[in-house]
Chemist: 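My questions will all concern the structure given below.
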Amino acid sequence: MLRQKVLPNTATYSILIDFLACNAKDSLRFTKGIMVDQARFGFVIPSRVAELREVQSQAPMDLALDIFYASTEVRKERVFPEMTYATLVEACAEHGREEDMLKVYTHMEQHRVSPNADMMLSLIKGFGKAGNIISAVETYGSYCALDLARRPGSAEERFRVYEALIVAYMDGDDAAGALIFLEKIVDASNDIQRSAQLADAVIRGFLDRKDIDSAREWILTRHVGSSELVSLSGILAGVADLGDYTLASKLYTEFTVKSRKIGSNHPTTATATATAQMAFLSLCAREDKVDSARAVWADLSERGLSSGPSVEAVTIYANMLFENGLTNEALVVLKQFAEFYAEGPFSTPIALRRDYLHQTFEHLISSLSRTGFLTPSIALDICGFSMLHCGHLGLEASRTVLKLFGVPRIVGLTLPQLDLLLQVQSGVLQEARAKGLELFPEDVQKFEQMLSVAIKANIPLNETLKVSVERAIMVSSAYATKWNAFVQSRGAWEANLESPKLVVSPGVVATDGESIPDDNFDPYWAKTDVKVSQAIDNALEGAKTTRPRLSDAKRMYQQTRRAGRFVRMTTLARIVTAAASSGQSDLMAEIYRNAKNDTPLLLEYRSVRYVWCILLDAMVAGHLTLGNRQQAAVYHEEMLKMGASPSANTYGLYIVSLKGSDQTYDEASEALKIFERAKAEHVIPSSFLYNVLIGKLAKARRVDDCLFYFAEMRALGIKPTSVTYGTMINALTRVGDEHFAEELFQEMEAMPNYKPRPAPYNSLIQFFVNTKRDRTKAMAYFNRMMLLGIEPTGHTYKLLIEAYATLDPPDMLAAEGVLEIIRNNGQNVETSHHAALIHAKGCILHDLEGAISYFTAVIEDGRIVPDNTIYQSLLESLVANHRVKDTPVWIADMKLRGIRMTPYIANTLIHGWATEKDIVRAKAVYDLLSSNENDRLKREPSTYEAMTRAYLAVEDREGAMKVVEEMGGRGYPHAVTVKVAELVRGREAVAA
């Protein structure tokens with residue numbers, strides 16, 4: 001405009017001044033917001049700091065004043081609209097520029113422009129910020145002299161002016177003046193609500209001066225509920241920022257009630273609510289009040305109540321959770337926040353929001369690394385969030401993460417983890433090159449290591465990974481040839497996948513010289529009744545098939561055969577499976593016999609071979625379910641003859657059915673043999689097969705083997721299930737590997753589509769109750785169960801009772817209170833729960849009379865049926881208190897009630913009589929148990945150990961050796977027998 005020599009008129013100047021003054025006010029609010037966040041959270045992300053510098057460099061206040069002064073110099077008689085004066089005076093007042101504010105106001109007065117109430121408010125505030133109380137009071141007097149103060153309905157306006165003068169007094173460090181003025185207004189006014197708002201202004205003034213003691217005194221004497229929500233928000237935030245947790249907690253309760261009552265429909269209300277919540281959240285984090293912080297976070301995340309958390313708020317909350325060992329909860333918080341913040345309906349541009357997010361993740365990585373809480377698992381999860389929502393991770397944060405991964409850890413990564421880490425490492429090379437920074441030797445070395453592992457593992461290619469690696473190869477070209485060859489080979493392999501072919505069976509292999517026909521012709525299709533087959537499938541749908549539904553399926557099947565038509569072979573396989581579950585071996589045999597007659601195996605037809613594989617697989621699995629391993633072997637042989645093998649899940653049943661064997665097995669070794677046979681028959685393993693194998697190895701305490709097959713499972717891209725994790729956690733707790741057990745537990749909880757089960761939680765609770773004897777950790781996992789809505793099992797409650805009753809200091813009131821919790825939850829109190837209390841009274845507190853009294857009361861109550869569990873706890877209490885001679889009375893009582901002896905009760909009695917040096921009675925108890933594996937009451941490894949110790953207690957080494965020799969002939973695992981044999985050898989070494 002000026003270049004065209006067009007002079008601005010008053011309207012032009014007014015527009016410019018209004019715009020710049022408003023911009024100056026917004027800039028000041030933005031600056032104050034960042035300064036407050038810096039003080040409140042201890043940091044702000046770099047992007048916001050950069051924005052602050054940019055805003056400060058623009059100096060809109062100076063520009064607005066320069067234009068105002070220049071325009072009035074050019075034309076002395078220029079008069080601006082009243083609104084322009086008001087906006088400029090308000091901006092000067094907020095910036096504390098008293099002199100400029102007076103000049104603008106004087107110009108307005110000289111040109112006879114009447115001030116409005118907002119102008120007077122701004123002048124009072126400006127004088128207060130400058131500490132000029134006299135001028136503020138004079139301005140208030142001028143306001144009162146104007147007609148403005150006497151207008152009808154101007155009460156709201158007057159109280160705004162009163163509040164401005166109180167704020168001016170407080171800003172000018174004249175609290176006494178503010179209180180005198182407040183007292184005058186309260187005495188003269190009957191408006192209690194507005195008077196309370198003036199009192200809030202005094203409180204905020206004390207908080208601004210950091211006078212928490214005076215503020216507390218006023219807060220505690222004010223009427224609860226009298227404050228407006230926005231005012232209460234400011235008070236709560238001020239108290240929280242000054243660190244008074246007790247007072248802030250009380251205010252937060254009041255604030256939450258009020259905010260829920262009025263809602264957050266207005267943006268100002270929602271923002272004020274979020275500000276107060278974040279201030280209190282920050283205080284909870286500083287005070288390490290996890291439960292309070294969790295409740296505040298829930299309120300802050302409630303979209304109908306608050307505008308939501310900032311990136312700084314989520315950072316300090318997540319950091320607190322990580323530092324308190326709540327890793328999975330912290331990761332869930334980050335995941336949910338990232339999803340909401342990156343894609344949510346915010347006014348901030350999405351690119352800037354993603355920039356904020358990635359800096360948040362970088363700050364967390366840096367913070368956790370400094371404090372030692374950054375584990376490889378956590379680092380991978382945070383990297384995954386950043387790559388998913390922001391597309392990258394910064395150079396320093398990436399290097400911090402990559403330092404956690406040496407060669408052994410890289411080799412042990414799953415393929416998705418390797419994909420992610422390779423993208424991160426590629427990003428390091430690209431960013432360093434783009435910024436002209438020097439590459440560290442370990443950057444290139446680690447990239448080449450990961451690339452080598454990825455190629456050997458035949459990692460699936462996706463476009464993101466391909467582009468990342470190819471750009472990184474431009475920096476480190478050592479692997480360029482290998483990578484290009486790998487990409488070409490993957491491309492050819494994926495092209496082959498595009499032409500679908502009939503899969504013979506999960507376990508089918510082609511015999512030498514055989515050519516599988518390409519056609520899918522089914523010679524029995526014409527006589528197959530598809531509708532009936534579908535009806536039978538629907539009837540048998542579901543995990544558990546009831547007998548009536550199976551009867552319906554059987555009826556439809558037989559009617560179809562009588563009509564001269566067939567049912568699909570896949571449907572027959574489903575009937576076989578249902579029959580096995582119901583124990584109907586005759587129906588299984590009938591199905592198989594009829595299938596051989598109706599649809600005999602024609603090897604030249606691929607489709608026929610396929611369905612026969614499915615039926616035979618079902619027959620093998622069915623007989624394994626029924627415990628007929630010999631019959632299962634017959635059908636297995638049939639499959640081998642046709643060049644097929646059972647499915648992975650059927651091989652899993654082979655392992656499961658080991659426990660039903662008539663012989664004593666080293667089940668872990670047998671399970672490994674079955675697994676190796678499955679691999680030899682080219683069966684592709686499933687998660688179920690790995691789960692049962694790892695379960696058998698865990699039971700035998702072969703943890704190294706568990707870890708090996710767990711790693712193999714992940715390397716093959718088979719996702720561990722919650723059952724897998726539960727089994728691994730149980731195995732690790734058995735050998736006392738607390739760190740790895742908890743790391744796997746956190747990984748399990750972070751699984752996509754994780755279905756919580758009580759078993760892993762029970763394993764860790766049991767570990768911290770029986771092994772580590774740490775009640776705090778045990779209760780932490782119990783509380784975690786409850787938080788996730790996992791219903792405790794009877795075993796969980798038993799462990800909870802033991803945690804209270806057996807760990808120091810014993811708390812029997814809390815232990816007995818668990819029974820009430822069980823009843824209140826609508827569950828049944830079990831004998832194991834009473835047994836735990838009896839054991840605690842008798843064996844831990846050595847209150848034998850109390851244990852006997854409790855036992856008697858439970859029996860007489862009649863609400864439970866007594867069993868060997870509750871008697872075992874009583875007998876253990878007698879033995880622990882050297883009253884083994886009283887046990888025959890209770891053994892007789894057991895027999896009278898029809899309760900049989902168990903190996904574990906026998907162990908207790910053997911130990912008790914051995915303590916009394918009565919080897920004859922100990923041997924008599926031992927002889928009650930049979931050495932025949934087929935007998936119901938048979939000797940367990942623990943029985944042999946108890947009797948060996950009994951003989952050694954009376955110095956009868958020969959008797960001990962006989963027991964060890966008998967045990968050696970039972971076929972137990974070497975690790976089990978050697979433990980007992982060492983007892984005798986150890987005694988020999990001591991004697992020597």
Chemist: Do we see a donor-acceptor contact under 3.5 Å between the side chains of Asn868 and Thr902?
Modeler: no
Chemist: Please determine whether side chain to side chain contact (heavy atoms under 4.5 Å, CB included) holds for the pair Ile655 and Leu689, giving the CA-CA distance in whole Å, both sets of side-chain angles, and the decisive distance to 0.1 Å.
Modeler: CA-CA 8 Å; Ile655 295 175; Leu689 178 55; 3.9 Å; yes
Chemist: Tell me if a side-chain donor or acceptor on Thr887 pairs with a main-chain N or O of Arg883 at a distance below 3.5 Å.
Modeler: no
Chemist: Looking at Gln827 and Glu791, would you say the former's side chain and the latter's main chain have a donor-acceptor pair under 3.5 Å?
Modeler: no
Chemist: So does Tyr904 have more than 12 non-hydrogen atoms from other groups sitting under 6.0 Å from OH?
Modeler: no
Chemist: Start with the C-alpha distance between Glu982 and Lys979, add both sets of side-chain angles, then the distance that settles salt bridge (charged side-chain N to carboxylate O under 4.0 Å, His left out), and finish with yes or no.
Modeler: CA-CA 5 Å; Glu982 284 297 326; Lys979 177 185 173 184; over 6 Å; no
Chemist: If you look at every heavy atom in Ala741 and Ile729, which pair is closest and at what distance?
Modeler: O-CG1, 3.9 Å
Chemist: Yes or no on side chain to side chain contact (heavy atoms under 4.5 Å, CB included) for Met713 and Ser687, after CA distance, side-chain angles and deciding distance?
Modeler: CA-CA 8 Å; Met713 179 182 186; Ser687 59; 3.8 Å; yes
Chemist: Assess the side chains of His839 and Glu802: does a donor N or O sit below 3.5 Å from an acceptor N or O?
Modeler: no
Chemist: Could you walk me through whether His834 and Leu819 pass side chain to side chain contact (heavy atoms under 4.5 Å, CB included), step by step?
Modeler: CA-CA 9 Å; His834 293 300; Leu819 301 186; 4.0 Å; yes
Chemist: If only atom types and distance count, is the side chain of Arg773 paired as donor or acceptor with the main-chain N or O of Asp808 below 3.5 Å?
Modeler: no
Chemist: Does any donor atom in the side chain of Arg757 or Thr721 lie under 3.5 Å from an acceptor atom in the other side chain?
Modeler: no
Chemist: If only side-chain N and O atoms count, and only distance matters, is there a donor-acceptor pair under 3.5 Å linking Tyr690 with Glu712?
Modeler: yes
Chemist: Can you measure from CZ (Arg294) to SG (Cys284) and round to the nearest 0.5 angstrom?
Modeler: 11.5 Å
Chemist: Can you measure from OG1 (Thr908) to CD (Gln872) and round to the nearest 0.5 angstrom?
Modeler: 5.0 Å
Chemist: Can you tell me how far the CE atom of Met728 sits from the OG1 atom of Thr733, to the nearest 0.5 Å?
Modeler: 10.5 Å
Chemist: Under a 3.5 Å distance rule, please check whether Ser301 uses its side chain to pair with a backbone N or O of Ala298 as donor and acceptor.
Modeler: no
Chemist: Give me the atom names and distance for the closest heavy-atom approach of Ala851 to Ser877.
Modeler: CB-OG, 4.3 Å
Chemist: Between Thr796 and Thr793, is a side-chain hydrogen bond (donor to acceptor under 3.5 Å, both in side chains) present by the stated rule, with each step listed?
Modeler: CA-CA 5 Å; Thr796 313; Thr793 63; 2.9 Å; yes
Chemist: If you measure only the distance, is there a donor-acceptor pair under 3.5 Å linking the side chains of Ser853 and Thr856?
Modeler: no
Chemist: Check the side chains of Ser369 and Ser366 for a donor-acceptor pair under 3.5 angstrom, ignoring hydrogens and angles.
Modeler: no
Chemist: Rounded to the nearest 0.5 Å, what separation is found between the CG atom of Leu874 and the OH atom of Tyr871?
Modeler: 8.0 Å
Chemist: Counting N and O atoms only, with roles assigned by atom type, does the side chain of Ser249 sit under 3.5 Å from a partner on the main chain of Tyr245, one being a donor and the other an acceptor?
Modeler: no
Chemist: Against Phe745, only a single residue in Phe768, Tyr725, Tyr761 fulfils ring pair (Phe, Tyr, Trp, His ring centres under 6.0 Å); can you say which?
Modeler: Tyr761
Chemist: Quick check: does any side chain N or O of His846 sit under 3.5 Å from a backbone N or O of Asn881, one acting as donor and the other as acceptor?
Modeler: no
Chemist: Among Ile870, Leu837, Ile838, exactly one meets side-chain contact (heavy atoms from CB on, under 4.5 Å) together with Val858. Which residue is that?
Modeler: Ile870
Chemist: Between His363 (side chain only) and Thr360 (backbone N and O only), is there a donor and an acceptor less than 3.5 Å apart?
Modeler: no
Chemist: Identify the heavy atoms of Thr948 and Val963 that sit nearest to each other, and give their distance.
Modeler: OG1-CG1, 3.4 Å
Chemist: Check whether any side-chain N or O of Ser282 sits under 3.5 Å from a backbone N or O of Arg40 as a donor-acceptor pair, and report yes or no.
Modeler: yes
Chemist: For the residue pair Phe337 and Trp297, does the interplanar ring angle fall in the parallel (under 30°), tilted (30 to 60°) or perpendicular (over 60°) class?
Modeler: tilted
Chemist: Say whether Tyr781 and Glu742, considering side chains only, have a donor N or O and an acceptor N or O under 3.5 Å apart.
Modeler: yes
Chemist: State the CD1-OG distance between Ile316 and Ser367, to the nearest 0.5 angstrom.
Modeler: 11.0 Å
Chemist: What distance separates Arg399 CZ from Leu393 CG, expressed to the nearest 0.5 Å?
Modeler: 12.0 Å
Chemist: Judged by atom type as modelled, is there a donor-acceptor pair below 3.5 Å linking the side chain of Asn828 to the main-chain atoms of Glu830?
Modeler: no
Chemist: Determine whether His795 and Gln766 make a side-chain contact, defined as any pair of heavy atoms from C-beta on separated by less than 4.5 Å.
Modeler: yes
Chemist: Can any side-chain N or O of Arg702 pair as donor or acceptor with the backbone N or O of Leu697 at less than 3.5 Å?
Modeler: no
Chemist: Counting only heavy atoms not in His911, do more than 12 fall under 6.0 Å of its NE2?
Modeler: no
Chemist: Is it true that Phe280 and Tyr252 have ring centroids separated by less than 6.0 Å?
Modeler: yes
Chemist: Give a yes or no on whether His882 atom NE2 has more than 12 heavy-atom contacts from other residues, nucleotides or ligands under 6.0 Å away.
Modeler: no
Chemist: Go through Met779 and Tyr804 one step at a time and tell me if the side chain to side chain contact (heavy atoms under 4.5 Å, CB included) criterion holds.
Modeler: CA-CA 9 Å; Met779 293 305 298; Tyr804 283 125; 3.3 Å; yes
